[in-house]
There are 2 protein chains.
Amino acid sequence: MTAEVRPASPPLTERQEARRRRILHATAELACRGGFDAVQMREVAEAAEVALGTLYRYFPSKIHLLVATMQDQLDHLHATLRKRPPSGAAASERVAETLMRAFRALQREPNLADAMVRALTFADRGVSREVDTVSRRTTAIILDATGLEHPTPRQLSVVRVIEHTWHSALITWLSGRASIAQVKVDIETVCRLIDLPDPAADPAADAEPAGPAVPA
Amino acid sequence: MTAEVRPASPPLTERQEARRRRILHATAELACRGGFDAVQMREVAEAAEVALGTLYRYFPSKIHLLVATMQDQLDHLHATLRKRPPSGAAASERVAETLMRAFRALQREPNLADAMVRALTFADRGVSREVDTVSRRTTAIILDATGLEHPTPRQLSVVRVIEHTWHSALITWLSGRASIAQVKVDIETVCRLIDLPDPAADPAADAEPAGPAVPA
DNA sequence: ATCAAGTCTGAAACTTGTTCTAGATTAGCG
DNA sequence: CGCTAATCTAGAACAAGTTTCAGACTTGAT
């Protein structure tokens, strides 16, 4: 619950970049077998061949580490998705298709998914910045799928709702409380919101347009 | 990650019931100042005047304890809500009104909300049963607000999506990444799904109707 | 090449959730 | 009442996240 060293990351040397990569790689490795609990800081440090203190210098907590891993994986995913854009006619279909593709990717490594998603939702205020980065990337993926160039505030809210559903549905699946089929139905259900017309004037829609409300 | 003693709870003696109450009360107390981190098992035990081992006999983990606390609070809430049912004309308005009332209740004790919600989303498979109870109570509250007597599978999916949004929006608020106004907009946005007509035939809608998919 | 500042290592210590043990208490029953 | 099984207590012990520290190593600038 400490650590304040964000104000613009100083450029890393090559060896440092390599260490960072080794750490993230070891983390994903351990997460793939065993999930959240199997990612133990001492083991990550050992597998990445860095001292425990160094691991904590790079990632100030286990949660930071796993959220950073998620950022990493999201980058891969976004790149993959760009290569073959969704094919549906309606925006809602394209978004649902995109999310189901992401879902299938997560199903391939359910333990890794477990580790990343649990970290994401367990993160407290100290990890706001990093969680927000993940959220912005997810938003970007969804907006890409909609094809919208200049989304209205209402549409942004719809995208947020889709993201909420996405995260929470993942959790219920990971904790064994919902089936894959149910997640699919829920995603398709929420995506229907996209195609709804914007009501002309709704004063509630643009209270606090976007951007996080992170306190100093 | 052990403990299997659910198959019908044996009736508790009076003293046991009292202990259970003391524990839940102490938990809520500690949670109110300090949130999730302030609920420390040793402190709960001390405040409730039971031994640590006894605390663990009643609630096999901190997560179980906090989820049970949430069940407790939900009961209060549901009772309160029944007294003054929502007044909106459309089902979507009534649900939004109900959830916003619940939200305002949580705002009164944000630390307690933090403890309960974090526990809920962090819970792993070992807590499925208890989390599912909370989920069913939440569903009941929402269905009450809709006024629907015999919801269709599609409508149940909508209710699940609303629940997803509710949980996830709470998390973003608790972690300081969304304002109260944003949560309000998101809730109102997702509630618009309720008033959508049921498309006549959608084969996806009734794959795996309801009920948790908890493995033995 | 050399010095200062910053970084990395290894190891121990500390915190808090969880488990375990031995003995005291309690509850139900004949 | 007296017995037995279950429950409760106090406290130690263990596990994993986090912090700390002394000393070795790098880096960058002179």
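These numbers come from the heavy atoms of this one structure, side chains and all, not from hydrogens, waters or symmetry mates. Below, chain A is the first sequence line, B the second, and so on; all start at residue 1.
- Listed pair B:Arg15 / C:dA27 meets the phosphate criterion, a side-chain N or O lying under 4.0 Å from OP1 or OP2.
- Protein atom NE2 of B:His64 is 16 Å distant from nucleotide atom P of C:dG17, rounded to whole Å.
- Between B:Leu77 and B:Ala105 the shortest heavy-atom distance is CD1-CB, 4.4 Å.
- Of the candidates D:dT18, C:dG17, C:dT7, C:dG17 carries the atom nearest the B:Tyr56 side chain, counting heavy atoms from C-beta on.
- Side-chain N/O atoms of A:Ser168 and B:Glu163 include no donor and acceptor closer than 3.5 Å.
- What separates CG of B:Leu66 from P of C:dT16 is a distance of 16 Å, to the nearest Å.
- For D:dC8, the OP1/OP2 oxygens have a side-chain nitrogen or oxygen of B:Tyr58 closer than 4.0 Å.
- The stretch residues 21-35 of chain B has no heavy atom under 4.0 angstrom from DNA chain D at all.
- Summarising the geometry, the separation between CZ on A:Arg57 and P on C:dC8 is reported as 6 Å, rounded to the nearest angstrom.
- Rounded to an integer number of Å, the gap from B:Phe59 CZ to D:dT7 P is 16 Å.
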Side chain to side chain contact (heavy atoms under 4.5 Å, CB included) assessment of B:Ser92 paired with B:Arg192: CA-CA 6 Å; B:Ser92 59; B:Arg192 296 205 301 156; 5.7 Å; no
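- Every residue two or more places apart in sequence or in another chain was checked for a ring pair (Phe, Tyr, Trp, His ring centres under 6.0 Å) with B:Tyr56, and none qualifies.
- Ring pair A:Phe36/A:Phe122: centre-to-centre distance not below 6.0 Å.
- When rounded to the nearest whole Å, the span between NZ of B:Lys62 and P of C:dT18 equals 8 Å.
- Look at CD on B:Gln40: it is 17 Å from P on D:dG17, rounded to the nearest Å.
- Taking every heavy atom of both residues into account, B:Val185 and A:Ser157 meet most closely at CG1-OG, 3.4 Å.
- Using modelled atom types, one finds a donor on one side chain and an acceptor on the other under 3.5 Å when comparing B:Ser175 with B:Arg177.
- Between A:Gln16 and the phosphate of D:dT27, there is no side-chain N or O to OP1/OP2 separation shorter than 4.0 Å.
- Within residues 41-53 of chain A, the residues having any heavy atom closer than 4.0 Å to DNA chain D are, in order of number, A:Met41, A:Arg42, A:Leu52.
- Of all non-hydrogen atoms in B:Met41 and B:Leu55, the two that sit nearest each other are O-CD2, 3.3 Å.
- In this entry the distance linking CG of B:Leu55 with P of C:dT16 reads 16 Å, nearest Å.
- Here the closest non-hydrogen pair linking A:Trp166 and A:Ala102 is CH2-CB, 3.8 Å.
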